[in-house]
Amino acid sequence: MKVRASLRSLKDKPGAKVVRRRGKTYVINKQNPRWKARQG
């Protein structure tokens, strides 16, 4: 999982979901799990 300053490029990928958990923002992608990321 990448820790990124900006999730903008990842949230535009097909299958990407932006989820907020415990004050952190995550991008999870079931189609391509390589694009998991965390912000915050």
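All values reported here derive from a predicted model rather than from experimental measurement. We're numbering straight along the sequence, starting at 1. No hydrogens, no waters, no symmetry mates; every other heavy atom, side chains included, goes into these values.
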- Would you check, one step at a time, whether the test side chain to side chain contact (heavy atoms under 4.5 Å, CB included) holds for M1 with Y26? CA-CA 10 Å; M1 182 185 297; Y26 294 88; 4.2 Å; yes

- Note on the structure: Apart from I28 itself, members of its ILVMFWY cluster (side-chain separation under 4.5 Å) are V19

- Is there a donor-acceptor pair closer than 3.5 Å between any side-chain N or O of Q39 and the backbone N or O of A5? yes

- Message: Quick check against the 3.5 Å criterion: does R8 have a side-chain atom that pairs as donor or acceptor with the backbone of L10?
- Response: no

- Message: Test of understanding: with side-chain contact (heavy atoms from CB on, under 4.5 Å), list the residues that count as partners of S9, not counting sequence neighbours.
- Response: R4

- Query: Roughly how far, to the nearest 0.5 Å, is the NZ atom of K36 from the NZ atom of K17?
  - Reply: 14.0 Å

- Decide yes or no for N29 and K13: does some side-chain heavy atom of the first lie under 4.5 Å from some side-chain heavy atom of the second? yes

- Message: Check this for me: K2, atom NZ, are more than 12 non-hydrogen atoms of other residues, nucleotides or ligands nearer than 6.0 Å?
- Response: yes

